[in-house]
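Naming convention: chains lettered A, B, ... in sequence-line order (proteins, then strands); numbering from 1 in each chain.
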Amino acid sequence: MPELPVYNPTEIEPKWQAKWDKDGLYQANIDYNTPKFYALTMLPYTSGDFHIGHWYAMTPPDARARFKRMQGYNVMFPIGFDAFGLPAENAAFSNGIHPKIWTYANIDRFHRQIRSMGAMFDWRREMISCDPEYYRWTQWFFIQLYKQGLAYRKFAPVDWCPKDQTTLAREQVEGDDRHCYRCGTPVIKKDLEQWFFKITKYADELLDYSTIDWPDRVRTLQTNWIGRSEGAAVVFHTEQGDPIEVFTTRPDTLWGVTFMVLAPEHPLVQKITTADFKSAVNAYIQQAARQSDIDREATDKEKTGVFTGGHAVNPVNGEKIPIWIADYVLMTYGTGAIMAVPAHDQRDFEFARKYGLEVRVVIMPSDSEPLDGAKLIASIPASGDMVNSGPLTGTPADLALNAAINYIAEKGFGKAAVNYKLRDWLISRQRYWGAPIPMIYCDDCGWNQVPEDQLPVLLPDDVEWRSSGVNPLTIHPTWKYTTCPVCDKPATRDTDTMDTFMCSSWYHLRYLSPHFDQGPFDPKEYDYWMPVNTYTGGIEHATLHLMYTRFFHKALRDMGITKGPEPMIQLRNQGMVLGEDHEKMSKSRGNVIPPDDLVAHYGADTVRAYLMFYARWDMGAPWSSGGIEGAYRWVRRVWTLFTDPVEKGNPRPEALRQLRRKLHQTLKQVTHDFEVFEFNTIVSGCMELLNEMYKAREQGATGTAEWNEAVDIYLRMMAPVTPHVAEELWAFLGKPYSIHQQSWPITDLEAAAEDLITLIVQVDGKLRDRITVPVDISEEDARRAALGSEAIKKFLEGAAPKKVIVVPGRLVNIVR
RNA sequence: GCCGAAGUGGCGGAAUAGGCAGACGCGCACGACUCAAAAUCGUGUUCCGCAAGGAAUGAGGGUUCGAUUCCCUCCUUCGGCACCA
């Protein structure tokens with residue numbers, strides 16, 4: 001008896017990977033006769049460790065890309081590396097390895113590890129963001145944004161990470177303690193002149209998700225981050241006649257304004273402060289400046305402030321109101337000045353009570369007794385009819401806002417206005433390992449862009465690392481010295497580099513033609529492949545990369561470089577693989593699961609199958625080293641069944657009928673689940689079918705046409721999940737290479753249909769009996785069968801049912 | 001405080017145009033094979049109960065013949081934002 005082949009993944013996996021590679025099986029080329037499908041997975045960052053999380057992010061989407069390909073799409077599934085950034089520099093600093101060497105060594109290792117997944121990446125399209133060939137175009141994009149006025153330089157208080165010694169964008173400062181997203185160090189404020197991208201210009205458009213299928217969670221996060229609020233801009237004037245504009249969401253409370261508050265940094269503070277109050281005001285300003293943002297923005301802090309001695313005039317009633325400064329008013333939102341309505345705003349209320357300022361009720365909730373401002377213990381947040389409001393007194397709640405806006409607009413001291421929390425994107429980084437900002441400063445001509453034919457501005461390799469952590473570009477002996485592109489006199493380069501999120505804002509375009517040198521991408525490739533059909537990755541980028549890349553696309557679209565409203569049509573987020581201890585994996589916790597060891601032990605197919613099976617993909621879950629055994633067992637059981645010598649048996653027709661039924665039911669379900677990213681039930685469905693096939697074998701089904709059909713479809717269904725073992729078994733059974741070039745099977749709905757069903761019989765909604773009946777049983781017959789059941793008769797105790805509900809094909813519920 | 005997501009066996013999870021709760025897998029128990037172990041195969045496995053039966057999808061209420069699914073009020077966990085005028 002010939003020995004059966006033994007399942008040995010470490011042998012078959014590299015074998016097929018090499019062959020697929022040699023045959024160019026996964027190369028994606030323009031084919032105008034085939035519908036395209038651009039499947040994109042977020043590019044990995046090249047820091048030290050390749051992680052099981054990378055497998056989780058990449059292999060289920062790979063399976064889906066393979067499924068799409070079998071469905072007949074021309075699928076592009078590219079991969080590349082986000083390679084600039086601080087970790088490389090930190091490694092250089094602590095180990096004495098140059099960031100470039102460190103980064104490319106990591107990429108080498110990543111190549112090996114990613115190839116072990118057996119994914120259908122088209123490596124010809126690989127991009128690496130720190131290649132000059134790539135960052136040449138990152139710089140070119142900067143210049144295009146600059147020429148459009150979308151990149152500008154501004155002196156402003158900005159977030160600075162003292163450990164990483166660089167500025168950060170607002171999106172990169174996180175948490176209660178306002179820490180750096182990379183290293184966790186609390187940031188401080190610094191006044192610096194930096195480059196910004198005008199993302200705020202697109203705030204409204206970024207709120208429009210009508211053309212994309214993105215998860216609610218991401219849309220909500222972006223919407224909240226953009227923070228649009230509607231209201232009115234109202235101009236007050238100081239006694240000296242200087243205008244002070246405020247933004248308010250409640251213009252209907254204008255008659256309740258009893259004072260104004262300016263941020264300590266507000267430019268008018270010095271001018272309005274009277275001599276008597278100068279020293280107190282200056283002391284307060286200094287104290288506010290010394291405080292960290294954390295202290296200053298703590299909501300539970302008691303409010304403080306000082307009177308400036310100055311007054312403003314309320315335009316609606318001509319009243320003279322005092323102007324205070326207080327640090328609860330932020331210079332960075334609105335206009336840095338507010339009209340205070342203590343009766344209807346809790347912050348203003350607390351401030352007014354503390355400093356003995358008047359509280360005047362101008363909105364009366366309909367169900368309320370008349371309210372006296374002097375006696376309130378908290379502000380009244382509810383809407384209501386306007387009172388004590390001059391000509392608008394008596395305006396009902398639902399008309400109040402519009403009436404107030406119309407009134408101030410008519411009188412000419414205000415208008416409807418919109419405000420956003422979103423700030424412009426600060427992109428300057430005082431670090432070496434990034435794309436240099438292609439700008440030159442000349443004492444005579446100011447800032448000018450590097451001429452495009454001189455791109456890329458190359459990073460110098462010969463740099464010195466000082467213990468102070470200073471950016472090596474600033475101390476390089478020659479690099480920054482150049483000549484002015486306008487007047488040709490000596491000038492200096494910007495020594496800052498770009499935020500790495502700039503690099504990742506357009507990488508999906510470089511995949512289109514990674515070596516194209518006439519532009520960032522080949523327009524012919526763009527027209528065929530874009531937009532991205534399905535984008536997959538972590539939700540942690542919701543208000544970072546995923547917002548930046550949308551902005552980027554829209555800005556480029558306005559320049560005619562890209563087309564369409566959005567870069568990525570469908571987005572799906574995977575969850576996180578936690579350690580077995582239910583904690584986030586980290587070296588320090590020692591709970592990291594190294595994928596290489598798993599592949600060596602179980603093979604890539606089992607790791608892929610387990611990652612798809614073990615949790616809902618969008619949720620993630622703790623890793624289970626016992627659980628993967630189940631996936632391994634499944635693969636081996638498939639192997640055993642399919643390599644078993646086939647002997648034709650003598651099965652009953654009903655057994656074959658049942659096999660086909662289960663087969664096509666499974667196919668229907670798996671097809672659906674691939675479409676909607678429900679990977680866990682794809683694998684469990686295949687497991688169920690396998691159990692059914694084992695039963696069918698017991699009954700002699702092997703060797704029949706039905707059996708052969710089941711084997712054929714089974715392998716096609718598992719090919720996207722476990723590409724190597726599917727290919728091996730496909731070849732073992734003498735089927736034509738390659739299984740990955742086969743089409744997705746068509747469900748035979750007739751075969752999938754049940755002819756008998758289990759009719760559920762309930763009494764008062766509780767299950768009391770199950771009766772097997774034909775699927776097309778009539779309502780009347782179902783009713784009769786249910787009432788004829790012995791078990792049911794027992795429950796009815798001879799009484800006539802009050803009501804009988806028949807759900808055709810499902811159940812009968814008898815109400816007593 | 002505000003916004004969002006999620007609570008189902010010992011564990012991961014399955015089932016929602018409202019209709020058999022716990023598919024599939026892990027784990028566990030027993031059995032077969034084996035000198036033995038591993039592997040493999042078989043049986044069982046929500047809880048209470050000998051059983052008949054009863055209870056159960058975070059808690060409480062509601063709608064309904066019928067609720068894991070819809071509505072209301074809470075509780076817990078996780079994520080985000082946070083003096084945003």
Side-chain angles (χ1 to χ4, degrees), chain A residues 174-176 178 215-225 227-229 231 246-250 253 261 263 296-303 326-330 332-341 344-348 350-351 419-422 539-540 542-543 575-576 580 582 609-610 613-616 618-634 636-637 640 669 678 680-691 694 757-770 794 801-807 809-816:
Chain A
E174 299 177 335
D176 300 353
R178 302 188 57 71
D216 285 347
R217 283 168 76 195
V218 175
R219 299 190 330 202
T220 306
L221 285 169
Q222 292 198 352
T223 300
N224 290 346
W225 186 261
R228 183 181 206 272
S229 37
V246 300
F247 172 74
T248 176
T249 53
R250 293 295 302 271
T253 64
V261 188
R296 184 158 163 192
E297 293 185 5
T299 44
D300 50 0
K301 199 188 77 166
E302 194 178 335
K303 291 177 181 31
D327 64 6
Y328 79 91
V329 175
L330 309 173
T332 45
Y333 182 79
T335 61
I338 62 158
M339 57 179 230
V341 187
H344 304 290
D345 180 286
Q346 185 59 23
R347 293 155 302 179
D348 298 344
E350 287 167 24
F351 195 80
N419 234 294
Y420 302 91
K421 288 193 220 173
L422 182 69
I539 195 159
E540 67 273 17
T543 54
M576 209 189 289
E580 293 206 78
H582 291 57
Y610 180 60
F613 171 69
Y614 94 113
R616 268 179 59 173
D618 59 341
M619 291 292 177
W623 179 262
S624 158
S625 53
I628 193 172
E629 291 288 345
Y632 194 36
R633 213 163 281 154
W634 169 60
R636 283 190 322 225
R637 268 164 60 83
T640 305
Q669 178 222 319
E678 285 172 13
N680 53 342
T681 46
I682 290 170
V683 180
S684 70
C686 287
M687 286 172 170
E688 277 186 63
L689 176 58
L690 188 70
N691 293 342
Y694 267 93
I757 53 146
T758 304
L759 188 70
I760 303 307
V761 186
Q762 297 178 332
V763 176
D764 294 339
K766 285 190 177 164
L767 174 72
R768 296 303 179 189
D769 199 11
R770 297 184 169 96
K794 202 179 99 192
K802 209 183 283 176
K803 192 173 173 186
V804 179
I805 290 140
V806 181
V807 182
R810 278 232 161 129
L811 62 70
V812 178
N813 188 16
I814 298 158
V815 186
R816 275 188 293 184

Report task. Report yes if the side chains of A/Arg637 and A/Leu690 come closer than 4.5 Å at any heavy-atom pair, otherwise no. Result -> yes

Query raised in the report: Mind checking whether A/Phe351 and A/Tyr328 have parallel, tilted or perpendicular rings, split at 30° and 60°?
Result: tilted

Output a table of nitrogen or oxygen pairs between the protein and nucleotides 17-20 of chain B separated by less than 3.5 Å.
unit_1	atom_1	unit_2	atom_2	d
B/rG19	N2	A/Gln762	OE1	3.2
B/rG19	N2	A/Asn813	ND2	3.4
B/rC20	O2	A/Arg770	NE	2.7
B/rC20	O2	A/Arg770	NH2	2.8

Requested in this report: Could you grab the distance from atom CD1 of A/Ile628 to atom CH2 of A/Trp623, nearest 0.5 Å is fine?
Outcome: 4.0 Å

Query raised in the report: Within the structure, does a side-chain N or O atom of A/Asn691 lie under 4.0 Å from either OP1 or OP2 of B/rG25?
Result: yes

Query raised in the report: At under 4.0 Å between heavy atoms, what does A/Lys802 touch on the DNA or RNA strands: base, sugar-phosphate, or nothing?
Result: nothing

**Report entry** Nearest-Å distance once atom P is located in both B/rC71 and B/rG79
**Finding:** 26 Å

Report task. Return the value, rounded to whole Å, for the distance between atom OH of A/Tyr632 and atom P of B/rG27. Result -> 15 Å

Report task. Based on the glycosidic angle (syn within 90° of 0, else anti), state the conformation of B/rG60. Result -> anti

Query raised in the report: Atom CH2 of A/Trp225 and atom C1' of B/rC2: how far apart are they, to the nearest Å?
Result: 15 Å

**Report entry** Separation between the C1' atoms of B/rG12 and B/rG1, rounded to whole Å
**Finding:** 35 Å

Query raised in the report: In whole angstroms, how far is the C1' atom of B/rG12 from the NE2 atom of A/His582?
Result: 9 Å

Report task. Using only side-chain N and O atoms of A/Tyr333, determine if any of them is under 4.0 Å from OP1 or OP2 of B/rA85. Result -> yes

**Report entry** N or O in side chain of A/Lys766 less than 4.0 angstrom from B/rA55 OP1/OP2
**Finding:** yes

Report task. Any chance you could encode RNA chain B as dot-bracket? Rule is Watson-Crick or G-U wobble with both distances under 3.5 Å; [ ] for pairs crossing earlier ones, | for another strand. Result -> (((((((..(((......[....)))((((((.......))))))(((....)))..(((((..]....))))))))))))....

Requested in this report: Provide, to the nearest angstrom, the distance between the CG atom belonging to A/Asp345 and the C1' atom belonging to B/rG1.
Outcome: 14 Å

Query - P atoms of B/rA23 and B/rU46, separation to the nearest Å - result: 8 Å

Report summary line: Here the distance between atom P of B/rA85 and atom CG of A/Leu330, to the nearest Å, is 11 Å

Report task. Could you tell me whether A/Asp618 and A/Arg616 make a salt bridge, using a distance below 4.0 angstrom between a side-chain N and a carboxylate O? Result -> yes

Report task. Record whether the side chain of A/Lys421 comes under 3.5 Å of the base of B/rC81 through a donor-acceptor pair of N or O atoms. Result -> no

Query - Phosphate contact (B/rA6 OP1 or OP2) by A/Arg616 side-chain N/O below 4.0 Å - result: no

Query raised in the report: Given atom CG of A/Asp327 and atom P of B/rA85, what is their separation to the nearest angstrom?
Result: 18 Å

Query - Close side-chain approach of A/Val815 and A/Val804, heavy atoms under 4.5 Å - result: no

Query raised in the report: Does OP1 or OP2 of B/rC24 have a side-chain N or O of A/Asn680 closer than 4.0 Å?
Result: no

Query - A/Arg768 side chain near B/rG53 phosphate (N/O to OP1/OP2, under 4.0 Å) - result: no

Query - Residue whose nearest RNA chain B nucleotide is more 5′ - A/Asp348 or A/Ala615 - result: A/Ala615

Report task. For A/Tyr610 and for A/Tyr420, locate the closest nucleotide of RNA chain B by heavy-atom distance; then report the residue assigned to the nucleotide nearer the 5' terminus. Result -> A/Tyr610

Requested in this report: Answer with base, sugar-phosphate or nothing: what part of the nucleic acid does A/Gly575 contact at a heavy-atom distance below 4.0 Å?
Outcome: nothing

**Report entry** C1'-based separation of B/rU45 from B/rG10 [nearest Å]
**Finding:** 11 Å

Report summary line: Whole-Å distance, A/Tyr694 OH to B/rC24 C1', equals 16 Å

Query raised in the report: What interatomic distance, in whole Å, is found between C1' of B/rU57 and the corresponding atom of B/rA37?
Result: 41 Å

Requested in this report: Return no unless some side-chain N or O of A/Arg637 is found under 4.0 Å from OP1 or OP2 of B/rG25.
Outcome: no

Report task. Take atom CZ of A/Arg228 and atom C1' of B/rC3, then tell me their distance rounded to the nearest Å. Result -> 18 Å

